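One structure is given here, and the rest of the page talks about it.
Keep in mind that what you see is a predicted model, and the values were worked out from it rather than measured. In what follows, chains carry the letters A, B, and so on, assigned in the order in which the sequence lines appear, proteins first and then strands, with residues in each chain numbered from 1. What you see below is based on every heavy atom in this structure, not just the backbone, and it leaves out hydrogens, waters and symmetry mates.
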There are 2 protein chains.
Amino acid sequence: MKQDPGPATRGRRRKAARPGELTAAALSLFAEKGYAATRLEEVAARAGVSKGTLYLYFDSKEALFKAVITEGILPVMEQGEATFEALRDEPDRLLKAILAGWWEMIGSTELAGVPKLMIAEARNFPELARFYYEEVISRGRALVEGALRLGIEQGLFRPVDVPATVQVLMAPLILLSIWRTSFAVCDADACRPEKYLPAYFDLMLSGLRVQPQAGA
Amino acid sequence: MKQDPGPATRGRRRKAARPGELTAAALSLFAEKGYAATRLEEVAARAGVSKGTLYLYFDSKEALFKAVITEGILPVMEQGEATFEALRDEPDRLLKAILAGWWEMIGSTELAGVPKLMIAEARNFPELARFYYEEVISRGRALVEGALRLGIEQGLFRPVDVPATVQVLMAPLILLSIWRTSFAVCDADACRPEKYLPAYFDLMLSGLRVQPQAGA
DNA sequence: TTTTAATGACTGACTGGTCAGTAAGTATAG
DNA sequence: CTATACTTACTGACCAGTCAGTCATTAAAA
């Protein structure tokens, strides 16, 4: 990774763009190797700068880690909440849109590393874990719960245990996204979402709907 | 001071029992802090010995890690395969027995740390990941696939995409087991399996059965 | 010239791995 | 029973390598 062929190779360059480049590099390395096994020199190299530059933007490895977690996901939550408002009168389409949207914006992207990282490091960063739980997990669950409750009220879905069912619904998506960043080499077949996702929606919506008949 | 020279020794001198004590200590620390962040001195201390003793039984940190992974899970696989043979003429009970058995023997125990560890470290130990994939994941999937196929043949289950559905079926169990070792502090409520598991079986079996109505 | 982005050699703390030494136990002799 | 020589599970101080974090220096930009 050399500097792009801009006019200046040193000195003031791209102060505004640096933090994002660094967090992107850090995310992919943290997701691949884990937090402790990732060297900051490697993060900096992947972002095209030196280690010292990294410390101009982040106070410590832990601060970089927190930035990776919070910056990547929070914008997505807001879009999810907008989707909710747009489709609240068609709960089954809404539910599918939320779940598919999560897959498209997080699960199938580099951001899939964020849930993997939080699971691996929650015990090492309890304060960050609590923040993530409240600002991401709880808000995400509230969206799915809302869709589920609307669907039950309208008689589309069976009257299931809503909070527990929300977790069951999300689990296959989350695990697939993690799986792809871990076992893709061994298990290329299972990591093809074009086969997995239809089977997922089919099984879940069949289990949820009052009427057994449903199209994909 | 004379001590009983019987086979059940006390205090020092427990060559036979040490490896298991060390792998148990290592599993709980690896699962809590991650592989790289776990210090061997702490593993040894938790097992009640010194660091030097650890090296009498394992050649390196990596060798200890491999022992943790392989020793814990392989015995469980064999029991699962025995269950399969015992119930092959009642596919719906068989499926539930396999999934519930996984939960009881792995998901709800300390061994839940093993899948968490393999997911976190697969990219750092590709050779071990391949072994795990072939000896644990593939064999486990084969069991669930077998139960699913038997049920479809007998007309109990809908004709779903079997390999993809197997993954969807396993995912909520695996993710819950991992969740409990990561977010239990933040999310005590979601980690209560007595609420989660019934909702899981209800949703999955409702989605799978040909007839929509069924008791848990 | 002054300011500021960027560098990379350096350091200090930490940890995987080693090994000379300790002591509990055993065997044999006297 | 005592003494002596031997075995071995175990210890912990130590070494060598690694890496997060620092800072004097450099060079482009203003």
Side-chain angles (χ1 to χ4, degrees), chain A residues 1-23 25-27 29-30 32-68 117 121 124-125 128, chain B residues 1-26 29-30 32-68 117 121 124-125 128:
Chain A
M1 288 271 228
K2 281 296 174 191
Q3 296 95 343
D4 50 1
T9 57
R10 208 184 157 98
R12 166 194 285 224
R13 283 182 57 231
R14 304 197 288 147
K15 185 175 181 181
R18 286 275 183 251
E21 294 170 353
L22 285 163
T23 52
L27 172 58
L29 282 165
F30 284 159
E32 178 185 333
K33 309 160 89 84
Y35 174 79
T38 295
R39 293 191 294 280
L40 291 187
E41 191 136 30
E42 204 176 350
V43 173
R46 187 169 292 196
V49 298
S50 70
K51 189 167 63 160
T53 300
L54 193 156
Y55 278 90
L56 297 176
Y57 297 98
F58 300 96
D59 288 344
S60 65
K61 190 180 188 182
E62 186 169 339
L64 175 65
F65 179 64
K66 290 178 180 171
V68 165
L117 263 176
E121 303 295 339
N124 292 329
F125 300 96
L128 178 62
Chain B
M1 301 271 186
K2 295 217 171 168
Q3 303 200 345
D4 275 356
T9 60
R10 60 193 181 193
R12 306 179 72 197
R13 305 285 166 127
R14 307 198 298 136
K15 185 176 182 182
R18 286 279 182 247
E21 294 170 353
L22 285 163
T23 52
L29 282 165
F30 284 158
E32 179 185 332
K33 308 162 93 82
Y35 174 79
T38 296
R39 293 193 300 280
L40 291 187
E41 192 138 28
E42 203 176 351
V43 172
R46 187 169 292 196
V49 298
S50 71
K51 188 167 66 158
T53 299
L54 193 157
Y55 277 90
L56 296 176
Y57 296 99
F58 300 95
D59 288 342
S60 65
K61 191 180 189 181
E62 185 170 339
L64 174 64
F65 179 64
K66 290 179 180 172
V68 165
L117 263 176
E121 302 295 340
N124 292 329
F125 301 95
L128 178 62

Next item on the list: For DNA chain C, find the residues of residues 38-53 of chain B with a heavy-atom distance under 4.0 Å and give them by number; none if there aren't any.
Entry: B:T38, B:R39, B:L40, B:K51
Check: Rounded to the nearest Å, what distance is computed from the CZ atom of residue B:F58 to the C1' atom of nucleotide D:dC10?
Finding: 16 Å
Notebook entry, point to check: Between atom CG in A:L22 and atom C1' in C:dA5, what is the gap in whole Å?
Noted result: 13 Å
Using atom types as modelled, flag every donor-acceptor pair under 3.5 Å from a side chain in residues 33-50 of chain B to any protein atom, sequence neighbours excluded.
from: B:Y35; atom 1: OH; to: B:E62; atom 2: N; distance (Å): 3.4
from: B:T38; atom 1: OG1; to: B:L29; atom 2: O; distance (Å): 3.3
from: B:T38; atom 1: OG1; to: B:G34; atom 2: O; distance (Å): 2.7
from: B:R46; atom 1: NH1; to: B:S28; atom 2: OG; distance (Å): 2.9
from: B:S50; atom 1: OG; to: B:T53; atom 2: OG1; distance (Å): 3.4

Notebook entry, point to check: Considering all heavy atoms of both residues, which atom of A:S60 and which atom of A:Y55 are nearest to each other, and what is their separation?
Noted result: CA-CE2, 4.1 Å
Notebook entry, point to check: Atom CG of A:L54 and atom P of D:dT22: how far apart are they, to the nearest Å?
Noted result: 12 Å
Margin query: If I take atom OH in residue B:Y57 and atom C1' in nucleotide C:dG17, what distance separates them, rounded to the nearest angstrom?
Written below: 18 Å
Margin query: Return whichever of B:L56 or A:K61 has its heavy-atom-nearest nucleotide of DNA chain D closer to the 5' end.
Written below: B:L56
Checklist line | Atom pair distance, as rounded to whole Å: CZ in B:F65 and P in C:dG16 | finding: 14 Å
Check: Just wondering, do A:E121 and A:F30 contact through their side chains at under 4.5 Å, heavy atoms?
Finding: no
Checklist line | Pairing residues for A:A67 by the side chain to side chain contact (heavy atoms under 4.5 Å, CB included) criterion, not counting sequence neighbours | finding: A:T23, A:F58, A:E71
Checklist line | side-chain N/O A:Y55 vs C:dA6 OP1/OP2, d < 4.0 Å | finding: no
